[in-house]
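Here is the structure we will look at, set down as structure tokens.
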Amino acid sequence: MQNRFIDLYSDTKTKPSPGMRKAMAEAEVGDEQKMEDPTVNRLRERVCELLGTEDAVFLPSGTMANQIAIRVHCRPGDEVMADKTAHIINSEGGGPAANASVMIRTIDGTAGVFTGEQLKASLRDPASRYNPRSRLVSIENTSNGGFGTAWPLATMQGVAEVARAAGVSLHMDGARLANACVKSGTKARDYAACVDSLWLDYTKGLGAPVGATLAGSKAFIQESWRHKQMMGGSMRQSGVIAAAALYALEHNWDRLAEDHDNARHLSEGLANIKGIAIDVPRMQTNLVFFEVTKPGWTAQRLVDACKERGVGLGANTASRLRAVTHLDVGRKDIDVALKTISDVLAA
Ligand SMILES: *Cc1c(COP(=O)(O)O)cnc(C)c1O
């Protein structure tokens with residue numbers, strides 16, 4: 001029996017480290033929405049450097065970044081194309097419909113990744129007044145619903161080429177862009193060069209408590225500020241949280257490789273447990289999806305049984321679970337989690 005809860009439910013479960021808290025306590029602050037917060041301004045500059053963009057705006061969440069981007073790119077009735085597993089479709093409360101009055105057309109990608117050819121097939125005839133207007137493509141990198149797959153840069157470039165030729169804008173949901181970069185060896189700015197807008201999240205593997213930064217051209221960010229204000233996302237002395245984001249970029253980016261190693265270790269261990277099915281090579285980064293196949297068991301039953309024994313997992317469907325590695329779980333914790341799952345299913 002261990003006494004510390006090992007929470008593999010999500011990489012959002014990380015808590016700010018002592019070093020991060022110290023940086024937050026010492027942050028210089030001002031009125032953010034007046035552009036007077038020096039720490040927020042430093043973070044905006046840092047992100048522009050990292051992504052090669054003209055401007056950036058600090059936001060309370062990645063969800064708000066997606067919602068604002070869709071609002072800025074689209075007009076009511078326009079169509080957004082995204083993989084069927086996309087977060088904007090499945091996990092943002094219907095936001096694209098409520099906030100931007102857009103239609104969504106799903107693309108049937110592979111592990112969340114689709115090709116330029118697939119995008120081309122989903123584009124509407126711009127001359128037709130019957131179709132919605134194809135306006136925006138949204139790419140998720142890594143793909144959360146696609147087993148944490150990092151987009152190959154060439155595939156993204158292929159999609160960008162088709163989008164540009166059709167006059168359609170491109171947006172990147174970079175909740176786990178850092179994981180994608182660490183996994184693929186692609187520079188963030190090379191991914192960023194493919195798209196018109198993108199954001200990165202500080203609250204996933206990077207381990208900060210709040211915040212995301214949306215980046216793009218000067219004109220795009222200026223318009224984004226209007227929607228940030230409208231949605232109640234303009235903040236005041238938010239340098240306190242921007243300091244955590246800066247700390248995360250500096251200290252927690254490269255170490256994501258450790259999370260990926262731990263996820264691989266977890267996947268391989270799960271493959272050896274009777275009553276579990278997993279496609280090990282599919283798990284590329286820090287997200288691990290697996291099925292409970294033991295008769296009489298559901299994903300929720302396994303989640304509940306493991307929780308009682310100090311291990312947090314998530315149930316995605318009746319039979320599918322998700323476990324996520326992050327900076328608050330080490331290799332030993334993974335071994336404890338594996339033993340717990342194995343014991344629970346053997347009992
Ligand atoms: C978590 C997540 C979001 C939303 O980010 P928040 O900062 O939690 O609002 C968006 N897209 C993907 C792929 C995510 O995993």
Side-chain angles (χ1 to χ4, degrees), residues 7-16 43 47 56-71 80 82-96 98-100 104 106-107 109 111-114 136-151 156 170-183 188 191 195 197-215 224 227-228 231-233 235 238 241-242 244-245 248-249 252 256 259 263 283-289 314 316 322-326:
D7 206 342
L8 298 168
Y9 174 82
S10 175
D11 44 7
T12 56
K13 292 290 187 174
T14 55
K15 297 198 173 139
L43 176 64
V47 168
V57 57
F58 188 44
L59 297 170
S61 73
T63 300
M64 191 181 280
N66 276 335
Q67 295 305 313
I68 288 177
I70 296 169
R71 278 279 285 260
V80 178
D83 182 77
K84 60 188 181 297
T85 63
H87 197 276
I88 58 166
I89 300 175
N90 300 300
S91 304
E92 299 188 11
N99 293 319
I104 297 207
T106 57
I107 298 179
V113 175
F114 50 87
L136 179 67
V137 186
S138 184
I139 285 175
E140 200 175 291
N141 192 23
T142 66
S143 165
N144 182 342
F147 317 103
T149 301
W151 276 67
M156 195 179 290
L170 224 83
H171 170 70
M172 193 194 304
D173 172 336
R176 295 187 182 81
L177 179 62
N179 296 85
C181 293
V182 167
K183 169 68 193 180
Y191 277 132
V195 300
S197 60
L198 78 162
W199 59 273
L200 46 96
D201 215 336
Y202 305 113
T203 67
K204 300 286 165 78
L206 292 176
V210 199
T213 299
L214 178 63
S224 295
H227 293 283
K228 166 170 152 126
M231 290 181 181
M235 298 178 278
S238 50
I241 52 177
L249 288 176
N252 295 342
L256 290 170
D259 296 347
M283 311 307 151
Q284 289 191 11
T285 53
N286 68 330
L287 311 182
V288 176
F289 292 84
N316 273 190
R322 192 185 76 165
V324 186
T325 58
H326 54 75

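Just the heavy atoms: all of them, side chains too, but no hydrogens, waters or symmetry mates, feed the values below. Each ligand, and each atom within it, is numbered from 1 in the order the structure gives.
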Please round to the nearest 0.5 Å and tell me the distance separating atom NZ of Lys84 and atom CD1 of Ile104.
->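 It is 14.5 Å, given to the nearest 0.5 Å.
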
Ala245: what forms a side-chain contact (heavy atoms from CB on, under 4.5 Å) with it, not counting sequence neighbours?
->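 Testing Ala245 for side-chain contact (heavy atoms from CB on, under 4.5 Å), a comparison that skips the adjacent residues, returns Leu43, Tyr202.
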
Any donor-acceptor pair under 3.5 Å from [X] side chain to [Y] backbone:
| X | Y | result |
| --- | --- | --- |
| Glu92 | Pro96 | no |
| Asn179 | Thr285 | no |
| Asn316 | Arg322 | no |
| Tyr191 | Trp151 | yes |

For each nitrogen or oxygen atom of ligand 1, which protein N/O atoms lie closer than 3.5 Å, and how far apart are they, rounded to 0.1 Å?
| from | atom 1 | to | atom 2 | distance (Å) |
| --- | --- | --- | --- | --- |
| ligand 1 | 5 (O) | Asp201 | OD2 | 3.0 |
| ligand 1 | 7 (O) | Gly62 | N | 2.8 |
| ligand 1 | 7 (O) | Asp201 | OD1 | 3.3 |
| ligand 1 | 7 (O) | Asp201 | OD2 | 2.8 |
| ligand 1 | 9 (O) | Gly62 | N | 3.3 |
| ligand 1 | 9 (O) | Thr63 | N | 2.8 |
| ligand 1 | 9 (O) | Thr63 | OG1 | 2.7 |
| ligand 1 | 11 (N) | Asp173 | OD1 | 3.2 |
| ligand 1 | 11 (N) | Asp173 | OD2 | 2.6 |
| ligand 1 | 15 (O) | Asn144 | ND2 | 3.1 |
| ligand 1 | 15 (O) | Arg176 | NH1 | 2.9 |
| ligand 1 | 15 (O) | Lys204 | NZ | 2.8 |

